[in-house]
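Working notes, structure below.
Reminder, nothing fancy here: chain letters follow the sequence lines and each chain counts from 1.
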2 protein chains.
Amino acid sequence: MKLAAEIFARKGFQATTVREIATEAGILSGSLYHHFDSKETIVDEVLSTFLDDLISRYRAVIEKGGKPRPTLTEMVRIGFGSLEPHRAAITVMQNDWSYLRQIERFDYLVKAEHVVERMWVDQIKRGQAEGQLRADIDPKLTYRMIRDAIWVAVRWFRPGGRLGTAHLADHYISVLFDGLAAGEPV
Amino acid sequence: MKLAAEIFARKGFQATTVREIATEAGILSGSLYHHFDSKETIVDEVLSTFLDDLISRYRAVIEKGGKPRPTLTEMVRIGFGSLEPHRAAITVMQNDWSYLRQIERFDYLVKAEHVVERMWVDQIKRGQAEGQLRADIDPKLTYRMIRDAIWVAVRWFRPGGRLGTAHLADHYISVLFDGLAAGEPV
DNA sequence: GTCTATAATTTGATAGAC
DNA sequence: GTCTATCAAATTATAGAC
């Protein structure tokens, strides 16, 4: 399954043929159906494993009940921290989202997205209410900004490259909370 | 062509069949080949039109030779401003990038990406050199952050929705330069 | 400039021998 | 648990009539 996920990530779900997966696994395409009953089932396992892990991690941080800003900081770290262990799954979600969401079987993708959005937006709003975050920003828009910046990083992030995910997270958190500007606005 | 682009954006390049494009155009699939010699040619025109427009707009702002921060601000506005007129092309670039880049014919996509990266990174470095931007941020990483946040917005941005692209740009610029934090770091 | 008809290939999936 | 053999369907693209 991990092997198939890598190919899906590299070539896209639709462009990946069952024959290709089988060949890479060292068997023939017919034999693959002894392990999986369809191509969709394979990608299904890949994606749901990722989402279950992500949501349970978010939940764990939120249920500690800390202040919003450190909670959000932790959530950013969880996101970037997923890039490595779930690289293939995240890539597939990014690239094949618009295709997969059309298929009834993958309705849970949209549902999971809603659950996650609520978690983030809640924390942002609490941060505003408690005066830790600027009141003039749009919570939902801000959530999307953060979410997008984290997940799209999977496109260029290379494990073992010059930048580790912890460094990425720190950099992003720094810019996100304190901004790019050095002194007074120009 | 604009019609085909919409379908590519909605369903993905590979999932879109030639029959589908023809049907939506009110003709049969065979007839489509009177107008285009292949499916790739159609998407080629869509993407190169977008990239030519984008790069020439960036160039125009940069050649005005203003200070880095207002130049970067303008560049962010150009990006968000492209979401509406080039929505389909941007969506295809986002969703089918990893597939298209494998095809020799689309080598120019990667080249264009390099040109654009240089433009952004140059401005960010100048901003740091002139003291308008924090010196402790990574220019290339910051560019990627900005780029990603802009282009991925095409996934959820809806023309005529509650948020216009100008509003989006303003919100993003505000957070980007000044940060989310309200008061002192916690 | 569109249609009909069809070629050539590829694809996901199955059946049964070993 | 893998292989051989193959099916049924779908796909891009072409040829030629109108």
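Ion pairing of Arg10(B) with Glu6(B) is absent here, as no side-chain N (NZ or NE/NH1/NH2) approaches a carboxylate O to less than 4.0 Å. With salt bridges taken as basic N to acidic carboxylate O contacts below 4.0 Å, one links Lys11(A) and Glu20(A). One finds a salt bridge joining Asp53(B) and Arg57(B) here, because a Lys/Arg side-chain nitrogen approaches an Asp/Glu carboxylate oxygen to under 4.0 Å.
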Ignoring hydrogens and angles, write down the donor-acceptor pairs under 3.5 Å from the side chains of residues 145-154 of chain B, residues two or more places apart or on other chains.
unit_1: Arg147(B); atom_1: NH1; unit_2: Glu113(B); atom_2: OE2; d: 2.6
unit_1: Asp148(B); atom_1: OD2; unit_2: Trp156(A); atom_2: NE1; d: 3.0

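Inter-residue side-chain proximity for Ser98(A) and Gln94(B) is flagged as unmet; no heavy-atom pair is nearer than 4.5 Å.
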Footprint string (nucleotides 11-16 of chain C, 5' to 3'): B base within contact, S backbone only, - free, heavy atoms under 4.0 Å | BBBB--
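Of the inter-residue distances, the one linking Tyr58(B) atom OH with Ile78(B) atom CD1 reads 6.5 Å to the nearest 0.5 angstrom. Summarising the geometry, atom CG belonging to Asn95(A) is positioned 11.0 Å from atom CD belonging to Gln14(A); distances are rounded to the nearest 0.5 Å.
Against DNA chain D, the stretch residues 2-11 of chain B makes no heavy-atom approach under 4.0 Å. Residues from residues 20-28 of chain B placing a heavy atom under 4.0 Å of any atom in DNA chain C, listed by number, are Ile27(B), Leu28(B).
Lys39(A) contributes a side-chain N or O that, together with a main-chain N or O of Thr16(A), makes up a donor-acceptor pair within less than 3.5 Å.
Counting only residues at least two apart or in different chains, side-chain hydrogen bond (donor to acceptor under 3.5 Å, both in side chains) contacts with residues 168-177 of chain B comprise Arg134(A)-Ser174(B), Arg77(B)-Asp170(B). Among residues at least two apart or in separate chains, side-chain hydrogen bond (donor to acceptor under 3.5 Å, both in side chains) pairs with a member in residues 157-166 of chain B are Asp138(A)-Arg162(B).
When rounded to the nearest whole Å, the span between NE2 of His34(B) and C1' of dC3(C) equals 13 Å.
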